[in-house]
Number of protein chains: 2
Amino acid sequence: MQALTSGEGPWDADSDAPALVGRATIDDVAREAGVSTATVSRALRQHPYVAESTRQRVMTAVERLKYVANSNAARLASGQSRTVGFIAPMLTSWYTSELMVGVEEVLTHERFDLLIGTANSASRERIFRGDARFQQHIDGVILVDVFCGDDGARRLAALDTPIVVLGEQLQRITSVSVDNERGARLAAKHLIQLGHKRIALVGGHNDLDVAKNVPTERAKGFRDTLQAAGLRLPAAYVQDGDFTIPGGHRAMRALLGLPKPPSAVFFMSDEMAFGALEAVRDAGLRVGHDVSIVGFDDHPVAGPIGLTTVRQPVREMGRLGARLMLDTLDGFGTVRHHPMELTLVERISSGRPA
Amino acid sequence: MQALTSGEGPWDADSDAPALVGRATIDDVAREAGVSTATVSRALRQHPYVAESTRQRVMTAVERLKYVANSNAARLASGQSRTVGFIAPMLTSWYTSELMVGVEEVLTHERFDLLIGTANSASRERIFRGDARFQQHIDGVILVDVFCGDDGARRLAALDTPIVVLGEQLQRITSVSVDNERGARLAAKHLIQLGHKRIALVGGHNDLDVAKNVPTERAKGFRDTLQAAGLRLPAAYVQDGDFTIPGGHRAMRALLGLPKPPSAVFFMSDEMAFGALEAVRDAGLRVGHDVSIVGFDDHPVAGPIGLTTVRQPVREMGRLGARLMLDTLDGFGTVRHHPMELTLVERISSGRPA
DNA sequence: TCGCCCGATGTAAGCGCTTGCATCCCTGTG
DNA sequence: CACAGGGATGCAAGCGCTTACATCGGGCGA
């Protein structure tokens with residue numbers, strides 16, 4: 001270690017600053033504290049049968065030696081990986097990463113690790129087979145938007161790995177999700193109340209032969225509401241936006257190219273709605289005047305650009321999911337579904353029809 | 001394991017589908033292949049002194065037993081964690097998460113793990129001291145926006161842990177960054193060429209006593225360019241936007257509240273520019289007409305809403321950083337700086353002054 | 001006073017890998 | 001044809017923890 005000139009602030013040279021990699025082992029601590037390694041291990045892990053005075057001595061030794069346990073050794077010995085898998089399609093969507101941040105927040109706090117994985121429709125089945133990363137020693141898996149239907153749910157429940165599902169409700173599996181039908185109804189009702197008659201829908205492709213999934217549920221709520229109001233939803237008014245920004249752009253362009261374009265559009269995600277903005281602009285129209293737009297999520301950018309949307313507490317869903325996973329791993333927590341609230345946030349992207 | 005009704009598609013019941021947690025050990029494989037565990041280990045890790053025929057037999061056994069190595073045991077035994085730390089301020093900004101995705105992409109591909117950590121100004125010094133997560137057994141650290149100055153750089157270089165810095169250039173440390181001064185010059189020049197005379201700057205607070213960091217560099221490029229064009233930059237035209245959406249909103253409101261508001265504003269991040277949008281709207285003004293706005297990053301939403309911005313290849317920077325880290329760990333790769341290209345993307349948020 | 005019970009601690013056997021060193025055997029060479 | 005050289009493999013000692021089981025020492029009821 002070369003000599004360092006001292007400086008100001010938190011970057012001062014500090015002659016005995018520990019290097020990044022801790023070197024002391026549990027045996028060093030035991031020696032320092034004058035106890036056995038077993039006692040150190042127990043003291044560190046809040047085992048009840050450790051005298052307070054002993055615990056103190058151990059802690060002091062830990063401090064002095066700047067001891068940090070080697071998690072690999074701990075995991076090997078205990079057989080517990082303290083790692084939770086997180087599998088989702090489209091890791092880059094705002095929804096997914098927000099979920100992930102929520103999950104990460106509580107796992108990190110509990111000193112658990114997070115293993116990230118993607119599962120597109122093609123590889124989704126590997127969850128149950130040989131995906132090496134997840135066949136590895138993880139304690140549980142958090143699944144996002146599996147869309148596996150009841151058969152899949154039964155298979156999931158039969159695995160001997162704790163599972164929490166985010167984004168949909170499945171039988172016999174702990175889950176956190178919103179009432180997607182209701183969310184779509186909220187959006188449709190809002191548009192109808194504003195006086196719109198020609199309302200279009202942009203969702204995502206349902207690539208699985210499964211009846212119940214997010215796009216399907218939202219579509220149902222939307223359709224039902226329109227129908228109840230005596231409104232039609234022509235086939236041309238239903239577009240696939242792929243849940244991406246470019247997808248939303250394409251869908252909007254298609255809608256605006258129609259002989260009778262809609263006066264309002266409900267997008268199943270804010271990101272698709274963002275993509276639509278450009279298409280509207282290119283057509284020389286104004287959002288909220290010539291065409292109303294409603295999204296879904298309440299993405300951080302939705303506020304600034306004034307997008308009306310159905311807000312779902314995504315980060316909170318991630319946090320709750322992680323907490324449920326930890327409860328399951330602790331042996332607490334029963335299998336149940338946890339619904340989260342959805343609220344319509346009215347902004348300027350939706351208004352009365354021109 | 002309960003009986004499963006069979007179904008269609010990838011969710012078919014499969015009587016001998018392996019559970020998520022692999023059970024076979026390296027000894028099982030050795031027995032199955034008729035070799036020693038050492039040979040299995042070598043075969044699996046591409047050791048040169050393993051006969052091709054032996055490797056084949058081992059692989060067959062691995063397949064048959066669906067063996068997956070226990071990474072904890074491997075790490076304990078080898079002393080290599082195959083884990084890289086990633087420390088950044090503000091994990092939730094688009095810039096950071098994009099960087100992270102890039103890093104994650106290549107690390108995952110090389111079967112490395114990523115350990116995430118935050119380092120705000122208060123805790124930043126812990127990198128060098130006792131942050132438990134990082135004192136643990138990681139092979140290297142990728143640091144984002146450390147802003148530690150040359151003294152800090154010298155300390156970093158002196159640590160015995162491989163380090164790659166993202167977002168700034170430091171002496172004796174491998175880094176990936178853009179020419180921030182040039183980026184700001186690009187933005188300023190653009191605005192000046194459009195004919196703007198009253199141009200404001202929204203950056204982030206420099207909370208460290210360090211001369212060189214991103215906000216400072218961008219401010220310098222911006223100031224220099226204005227000066228060279230004979231333009232003034234009054235103190236009131238320099239606002240702190242905290243690099244967040246609400247921060248950008250506040251800054252823009254402050255600017256518009258000025259007796260002589262600017263006709264153009266350069267934001268040091270797109271997210272701050274997004275926040276500004278709302279303030280402009282609330283003031284009854286139109287972006288690109290009454291007030292021009294230029295951002296920095298090229299956030300995915302910048303395109304859809306037509307934000308002129310200075311694009312930096314963020315994800316690519318993350319990928320490169322990770323690759324450099326792996327090279328360093330392999331003993332290849334020398335300490336050097338890797339510059340990335342910056343380009344101005346002109347959109348409709350900037351136009352001639354009204 | 002004598003056990004008994006139980007809280008507190010120590011002993012030591014792994015956990016499933018990696019790897020230095022020993023061993024074996026097959027070539028090529030003198 | 002003996003032997004050196006080196007490729008291929010096996011042996012076994014850990015890596016740094018956790019934890020079942022053994023041990024120890026008081027306090028307490030009989």
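Convention: sequence-line order gives letters A, B, ...; per-chain numbering from 1.
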Kindly write out the residues that satisfy ring-ring contact (aromatic ring centres under 6.0 Å, His included) with H47(A), not counting sequence neighbours, or none if the list is empty.
Y49(A)
Write down the distance between CG (D27(A)) and P (dG10(C)), rounded to a whole number of angstrom.
13 Å
Would you list the protein and nucleotides 20-23 of chain C atom pairs, both N or O, that sit under 3.5 Å from each other?
from    : atom 1 : to     : atom 2 : distance (Å)
dG20(C) : O6     : R42(B) : NH2    : 3.0

Could you state the CD1-P distance from I26(A) to dA12(C), rounded to the nearest angstrom?
17 Å
Whole angstrom is fine here: how far is it from CG in N70(A) over to C1' in dC15(C)?
13 Å
Selected nucleotide, minimal atom distance to T39(B) side chain, candidates dG10(D), dC17(C), dC17(D)
dG10(D)
Determine, stepwise, if the pair V35(B) / T54(B) fulfils side chain to side chain contact (heavy atoms under 4.5 Å, CB included).
CA-CA 8 Å; V35(B) 297; T54(B) 308; 3.9 Å; yes
Whole-Å distance between dG16(C) P and R82(B) CZ?
21 Å
Rounded to 10°, tell me the angle between the two end axes of the helix from dT1(C)-dA30(D) to dG30(C)-dC1(D), each built from five pairs.
50°
Starting from the C-alpha separation in whole Å, work towards a yes-or-no answer on side chain to side chain contact (heavy atoms under 4.5 Å, CB included) for D145(A) and L166(A).
CA-CA 6 Å; D145(A) 291 353; L166(A) 263 32; over 6 Å; no
Selected nucleotide, minimal atom distance to T37(A) side chain, candidates dG16(D), dA12(C), dG14(D)
dA12(C)
Any side-chain heavy atom of V176(A) within less than 4.5 Å of one from M340(A)?
yes
Pairwise side-chain contact, V165(B) with I142(B), heavy-atom cut-off 4.5 Å (strictly under)
no
Nearest-nucleotide wise, let me know which of A77(A) and V35(B) is further upstream toward the 5' end of DNA chain D.
V35(B)
Mind checking whether S175(A) and H338(A) have side chains closer than 4.5 Å, heavy atoms only?
no
Hits for salt bridge (Lys or Arg N to Asp or Glu O under 4.0 Å) against R315(B), two or more places apart or cross-chain, chain-then-number order -> E98(B), E105(B)
Under the salt bridge (Lys or Arg N to Asp or Glu O under 4.0 Å) test, which residues partner R64(B), sequence neighbours left out?
E32(B)
So what does S41(A) hit on the nucleic acid, given a heavy-atom distance under 4.0 Å: a base, only sugar-phosphate, or nothing?
base
Nucleotide dT18(C), atom C1' - distance to CG of L76(B) in whole Å
10 Å
Under-4.0 Å salt bridge between R75(B) and D113(B)
yes
Of the options dC17(C), dT18(D), dC17(D), whose atoms approach the side-chain atoms of S78(A) most closely?
dT18(D)
Could you please spell out the steps behind the side chain to side chain contact (heavy atoms under 4.5 Å, CB included) verdict for L44(A) and M59(A)?
CA-CA 8 Å; L44(A) 256 29; M59(A) 289 314 184; 4.0 Å; yes
In whole Å, what is the span from the CG atom of D28(B) to the P atom of dC15(C)?
12 Å
May I have the distance from Q80(B) (atom CD) to dG16(D) (atom C1'), rounded to whole angstrom?
16 Å
Using a 4.5 Å cut-off on heavy atoms from C-beta on, say whether the side chain of M100(A) contacts that of L114(A).
yes
Separation of atom OH in Y67(A) from atom P in dG16(D), rounded to whole Å
10 Å
Per the under-4.0 Å heavy-atom filter, residues of residues 44-56 of chain A near DNA chain C come out as P48(A), Y49(A), V50(A), A51(A), T54(A)
Side-chain donor or acceptor of R319(A) paired with backbone N/O of G102(A) under 3.5 Å:
no
